[in-house]
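Data first, discussion second: the structure below is written as structure tokens.
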Amino acid sequence: MADSKLLVPELSEAETIGPETARFEELLLQASKELQQAQTTRPESTQIQPQPGFCIKTNSSEGKVFINICHSPSIPPPADVTEDELLQMLEEDQAGFRIPMSLGEPHAELDAKGQGCTAYDVAVNSDFYRRMQNSDFLRELVVTIAREGLEDKYSLQLNPEWRILKNRPFLGSISQQNIRSQQRPRIQELGNLPTPGYRAAETGPEKPHLNLWLEAPDLLLAEIDLPKLDGAMGLSLELGENRLVMGGPQQLYHLDACIPLRINADESKAAFHRKRKQLMVAMPLLSVPSESW
């Protein structure tokens with residue numbers, strides 16, 4: 001998920017729906033400022049020392065790259081599902097399963113031959129790491145997500161081929177990392193919520209993945225993954241007090257979701273991000289959710 005402070009400049013690459021792009025950016029910028037002010041009054045991050053796990057070797061156009069897969073009990077675990085359930089989730093919706101992980105900064109190291117290389121530390125939950133040790137499938141999934149996360153965060157192009165180093169759990173030194181001490185309140189994925197009055201046929205429009213989170217106590221943000229689209233042409237979006245309905249061009253997508261919060265539809269704004277192929281929606285709330293969220 002993108003940070004609100006990163007979201008605002010990225011909107012310069014977005015194609016807007018409606019004429020009020022400036023107001024949308026202002027809304028997200030205001031949420032970012034509120035979060036930054038909150039950080040000055042209470043700490044929202046904590047420092048952790050990841051424990052070594054295993055190290056993989058790959059490369060980029062700049063040379064050898066090593067990724068230290070580490071773990072820490074301070075990182076939240078992913079959803080507790082079986083491998084069969086996970087396989088089904090990935091087949092139906094590749095973005096439906098997320099593994100929380102902390103991506104460390106690059107650090108220069110020397111390999112076994114004394115040649116310069118770059119290493120990254122990636123940490124996952126300790127309990128999940130122990131489960132991953134007994135599953136080739138989970139291990140490959142974590143490595144794939146870690147590689148993609150590093151590529152996205154640091155604008156890298158890593159070789160998809162990699163191998164695990166034998167008898168060497170990490171390369172160089174594993175640095176401390178900062179993670180959020182208070183996780184953003186997340187709302188359950190809407191894939192299993194009722195969709196009033198709409199059922200897609202097997203050959204009908206695809207139901208895209210919807211991810212919601214509270215960016216501030218009075219602001220709900222949404223990301224809708226639309227990998228088949230290159231722009232906002234033909235997209236339609238309707239918002240009610242607790243309902244989101246989106247239609248795609250040429251019947252490619254249809255989403256009709258109940259939202260378990262009261263949103264201010266009149267003040268809500270949306271933009272399509274071309275690079276991510278996502279529709280982003282900012283929805284101010286009519287009432288602030290309780291701490292149970």
Side-chain angles (χ1 to χ4, degrees), residues 1-2 6-25 27-28 85-98 144-145 148-149 151-152 157 160 186-213 215 219-261 263-284:
M1 282 316 158
L6 298 178
L7 230 107
V8 176
E10 288 173 353
L11 284 173
S12 61
E13 303 174 7
E15 180 178 342
T16 59
I17 297 178
E20 300 183 349
T21 311
R23 175 58 182 149
F24 179 56
E25 295 183 4
L27 190 64
L28 293 178
E85 291 172 334
L86 177 54
L87 279 170
Q88 183 176 356
M89 290 173 63
L90 294 175
E91 289 175 357
E92 295 176 353
D93 181 3
Q94 293 183 356
F97 183 78
R98 302 186 181 233
T144 298
I145 295 176
E148 293 176 349
E151 287 181 332
D152 184 60
Q157 186 64 49
R186 296 191 68 82
I187 298 173
Q188 68 188 104
E189 299 291 349
L190 297 188
N192 296 325
L193 293 182
T195 53
Y198 175 80
R199 291 187 180 181
E202 292 184 3
T203 58
E206 179 181 336
K207 181 180 178 182
H209 175 74
L210 169 64
N211 189 34
L212 289 174
W213 75 96
E215 186 69 12
L219 179 64
L220 182 69
L221 295 185
E223 290 178 342
I224 305 173
D225 296 329
L226 303 170
K228 296 178 181 178
L229 301 185
D230 295 319
M233 184 72 68
L235 272 179
S236 64
L237 179 66
E238 296 181 14
L239 295 174
E241 189 171 296
N242 60 357
R243 188 174 174 186
L244 183 153
V245 180
M246 188 218 71
Q250 300 177 350
Q251 299 278 315
L252 282 176
Y253 293 105
H254 185 90
L255 178 66
D256 188 346
C258 295
I259 297 178
L261 293 173
I263 63 175
N264 186 340
D266 293 334
E267 295 297 323
S268 297
K269 305 298 174 186
F272 184 87
H273 197 293
R274 286 178 172 172
K275 183 177 179 181
R276 295 182 180 176
K277 295 182 180 289
Q278 288 179 332
L279 178 64
M280 306 185 315
V281 189
M283 296 169 282

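Quick note: numbers below take in every heavy atom, side chains included, and nothing from hydrogens, waters or symmetry partners. Quick caveat, the model's predicted, so the values are computed rather than measured. Throughout, numbering of the chain's residues begins at 1 and tracks the sequence.
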### Message
Does any part of the side chain of Met283, heavy atoms only, come nearer than 4.5 Å to the side chain of Leu261, both counted from C-beta?
### Response
no
## Note on the structure
Closest heavy-atom pair, Lys269 versus Asp266, reported as atoms and distance to 0.1 Å, is NZ-O, 4.4 Å
### Query
Mind checking whether Met246 and Leu210 have side chains closer than 4.5 Å, heavy atoms only?
no
### Task
Check whether any side-chain heavy atom of Leu244 sits under 4.5 Å from a side-chain heavy atom of Ile263, and report yes or no.
no
### Query
Okay, side chain of Tyr253, backbone of Lys228: is any donor-acceptor separation there less than 3.5 Å?
yes
#### Entry: Leu235 versus Phe272, closest heavy-atom pair with distance
CD1-CD1, 3.9 Å
## Note on the structure
Heavy-atom closest pair (Pro284 atom, Leu219 atom, distance to 0.1 Å) is N-CD1, 3.9 Å
### Summary
Nearest heavy-atom contact between Leu226 and Pro208 is CD2-CB, 3.9 Å
#### Entry: Side chains of Asn264 and Leu239 in contact at under 4.5 Å (non-hydrogen atoms)
no
### Query
Considering only heavy atoms from C-beta outward, does the side chain of Pro205 approach that of Leu252 to under 4.5 Å?
no
### Query
Any chance CD of Glu151 has more than 12 other-residue heavy atoms, nucleotides or ligands included, within less than 6.0 Å?
yes
### Query
Atom NE2 in His209, atom CG in Leu255: separation rounded to 0.5 Å?
10.5 Å
### Query
Is Met280 close to Leu221 at the side-chain level, that is, under 4.5 Å between some pair of heavy atoms?
no
### Query
Backbone N or O of Leu229 within a donor-acceptor pair of the Lys277 side chain at under 3.5 Å?
yes
### Summary
Tightest non-hydrogen contact, residues Ala222 and Leu212, listed as CB-CD2, 3.3 Å
